[in-house]
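Okay, structure first, notes after.
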Amino acid sequence: MRVKVLLEALKQRLESEAELNRMKCHIAADPTEPLTRILAMKAGGEMILAYEGQDRIDTQPAGAVPVTTRFAVWLYKRAPLAADAGAAQKLGDGQTLFDLCEHIERILTHWEIPNNDNTVEKRSCYERTQQASAPDGTTLACYKITFVIRRALV
């Protein structure tokens, strides 16, 4: 399965989660797009799905090439600053952004890849969640969830 097909399948799975939390779901066209979209956003929120490259698993010169393909889901919500500095921003159903992260992590851990053509493993593999920062080091109201899918380049 090609990267584009995997991203489109993931988008289809996450669109309803985005809508529940008054967010949009978008596939990034290049590596700079997630931060560009986040920094340009005036209001609202977004789940940005991104391809982050891949690593070859073995060194065998012949046959299908096994790779670990890395993806990310950027979760971002822009909201006005609260009068109470300790108050966490709430999403559509009262969740905080980190609540949504945990929910998306569980989805990624159990997501069975649809229409699998047997060139990819059946499930994605969650790796990590981290806070996102702007290029100048400013912490953003954003988390980046990274996961991998092992597949074969054929």
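No more than 12 heavy atoms of other residues, nucleotides or ligands shown are found within 6.0 angstrom of CD on Gln12. By the neighbour-count criterion of 12 heavy atoms within 6.0 Å, atom CZ of Arg37 is densely surrounded, having more than that number from other residues, nucleotides or ligands. Surrounding CG of Asn115 are at most 12 heavy atoms belonging to other residues, nucleotides or ligands under 6.0 Å away.
Each ring-ring contact (aromatic ring centres under 6.0 Å, His included) pair with one or both residues in residues 122-146, not counting sequence neighbours, would appear here, but there are none.
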Could you check Leu10 against Val73 for side-chain contact (heavy atoms from CB on, under 4.5 Å), going step by step and ending with a plain yes or no?
-> CA-CA 10 Å; Leu10 180 61; Val73 177; 4.1 Å; yes
Met47 vs Leu100, side-chain contact (heavy atoms from CB on, under 4.5 Å): CA-CA, chis, key distance, verdict | CA-CA 11 Å; Met47 288 184 189; Leu100 180 59; 4.2 Å; yes
For Arg56 and Val65, what are the C-alpha separation, side-chain angles and deciding distance, and is it a side-chain contact (heavy atoms from CB on, under 4.5 Å)?
-> CA-CA 7 Å; Arg56 186 175 181 140; Val65 177; 3.7 Å; yes
Audit row: Thr129, Glu105, side chain to side chain donor-acceptor pair (under 3.5 Å) steps and yes/no = CA-CA 8 Å; Thr129 299; Glu105 291 162 358; 2.4 Å; yes
Report the C-alpha separation of Arg70 and Asp55 in whole Å, then their side-chain angles, then the decisive distance to 0.1 Å, and conclude whether the side-chain contact (heavy atoms from CB on, under 4.5 Å) test is met.
-> CA-CA 8 Å; Arg70 185 164 284 98; Asp55 299 307; 3.5 Å; yes
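Residues Glu15 and Cys25 approach most closely at CG-CB, 3.9 Å, considering heavy atoms. The two residues Leu39 and Ala134 come nearest to each other via the heavy atoms CD2-CB, 4.1 Å. Nearest heavy-atom pair across Glu33 and Ile27 is OE1-O, 4.2 Å. Nearest heavy atoms, Asp117 versus Val120: OD1-N, 4.2 Å. The two residues Ile38 and Cys142 make their nearest non-hydrogen contact at CD1-SG, 3.6 Å.
Using a 4.5 Å cut-off on side-chain heavy atoms (C-beta onward), Lys24 and Met41 make no contact. Two residues are said to be in side-chain contact when any heavy atoms from C-beta on lie closer than 4.5 Å; Val148 and Gln54 fail this criterion. Residues Glu17 and Met23 have side chains not in contact (no heavy-atom distance under 4.5 Å, counting atoms from C-beta outward). Inter-residue side-chain proximity for Met1 and Ile149 is flagged as unmet; no heavy-atom pair is nearer than 4.5 Å. With a 4.5 Å cut-off on side-chain heavy atoms, Tyr76 and Ile48 do not count as touching. Side-chain contact between Val3 and Arg151 is present, with at least one heavy-atom pair separated by less than 4.5 Å.
Atoms OG1 and NZ, on Thr96 and Lys77 in that order, are 12.5 Å from each other to the nearest 0.5 Å. Atoms NZ and SG, from Lys144 and Cys101 in turn, are 13.0 Å apart once rounded to the nearest 0.5 Å. In this structure, CD in Glu8 is found 10.5 Å from CG in Leu49, a value given to the nearest 0.5 Å. For the atom pair CD of Glu127 and CD1 of Ile145, the computed distance is 12.5 Å after rounding to the nearest 0.5 Å. Interatomic distance, Leu97 CG to Leu75 CG, rounded to the nearest 0.5 Å: 6.0 Å. Distance check: Ile104 CD1 to Asn21 CG gives 7.5 Å after rounding to the nearest 0.5 Å.
A parallel orientation is assigned to the rings of Phe147 and Phe71, their planes being inclined by less than 30° (bins at 30° and 60°).
Looking at Ser124, its side chain does come within 3.5 Å of a backbone N or O of Leu108 through a donor-acceptor pair.
By the criterion of side-chain heavy atoms lying less than 4.5 angstrom apart, applied directly or through intervening Ile, Leu, Val, Met, Phe, Trp or Tyr residues, Val5 is grouped together with Leu14 in one hydrophobic cluster. Two different hydrophobic clusters hold Val67 and Leu6 under the rule that ILVMFWY side chains link at heavy-atom gaps under 4.5 Å.
Listed by chain and number, the residues in a side chain to side chain contact (heavy atoms under 4.5 Å, CB included) with Leu35 are Trp74, Pro135, Leu140 (sequence neighbours excluded).
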